[in-house]
Amino acid sequence: MVLAVVGFVGLCLLVGATDAALLRSSALGWYLSLTHPPGTPPDWLFAAVWGALYVAIGTAAWLVWRQVGAGAELRLWGWQIAANALWTPVFFGLHQITLALAVSVVLVVLVALTLRAFGRLLPAAGWLMLPCLAWTTYAAYLNAGLWWLNRV
């Protein structure tokens, strides 16, 4: 049981650590050179929020797994984790703001669907996904603002 929760949370944290490892000073320099939309938080906040969200997302998946085992709900969760992992290399690695915005939109939809699926099975798991939906929606706004303000 303990290994399972460590696995679910660990997978989420691994996504975050991998994305963080992809950030190079040149990528950050490019990001800092962009015009940012109103409401952009300080850079340090992103890692702190994502760290907490990854713990919540992993815990939600573990709760669902304990309740019903592997199934469609966890496959949906896996897709949203994959979309989450894809955003950083697209945005920071490829400097593709438009494609990253498309990934953001897909991510918001997948998180919303995961929240709904988890919430139907186990309300606590749905509630654990709610901050992720709020943050990914906010992140999509930031991505859209970056796209709009930095169009060439």
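Treat the numbers as computed from the prediction; the structure is a model and nothing was measured.
For Y141, there are no ring pair (Phe, Tyr, Trp, His ring centres under 6.0 Å) partners, not counting sequence neighbours. Residues passing the side chain to side chain contact (heavy atoms under 4.5 Å, CB included) test with A117, sequence neighbours excluded: E73, L76. By the side chain to side chain contact (heavy atoms under 4.5 Å, CB included) test, R66 pairs with M1, W62, L63, sequence neighbours left out.
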Please list every donor-acceptor pair under 3.5 Å in which a side-chain atom of residues 98-114 meets a protein atom from a residue at least two apart or in another chain.
residue, atom, partner, partner atom, Å
T98, OG1, W147, NE1, 3.3
S104, OG, W87, NE1, 3.1
S104, OG, A100, O, 3.2
S104, OG, N143, OD1, 3.2
T114, OG1, L110, O, 2.7

Do any side-chain atoms of residues 32-39 form donor-acceptor pairs under 3.5 angstrom with protein atoms, and if so which ones, sequence neighbours left out?
residue, atom, partner, partner atom, Å
S33, OG, W30, O, 2.6
H36, NE2, Y31, O, 3.1
H36, NE2, L34, O, 3.3

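Between atom CG of residue L115 and atom SG of residue C132 there is a gap of 8.5 Å, rounded to the nearest 0.5 Å. The CG atom of N150 sits 12.5 Å away from the NE2 atom of H95 when rounded to the nearest 0.5 Å. If you take CZ on F91 and CD1 on I97, they are separated by 5.0 Å, rounding to the nearest 0.5 Å. Atom CG of L53 sits about 9.0 Å away from atom CE of M129, to the nearest 0.5 Å.
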Worksheet item: What's the verdict on ring pair (Phe, Tyr, Trp, His ring centres under 6.0 Å) for W50 and F46, showing C-alpha distance, side-chain angles and the deciding distance?
Response: CA-CA 6 Å; W50 275 115; F46 289 99; 8.9 Å; no

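Nearest approach of L128 to P131, heavy atoms of both residues: O-CD, 3.5 Å. Annotation for W77 and G58: closest pair CZ2-CA, 4.4 Å, computed over non-hydrogen atoms.
Residues L142 and W135 share a single hydrophobic cluster, defined by chaining ILVMFWY side chains whose heavy atoms lie under 4.5 Å apart.
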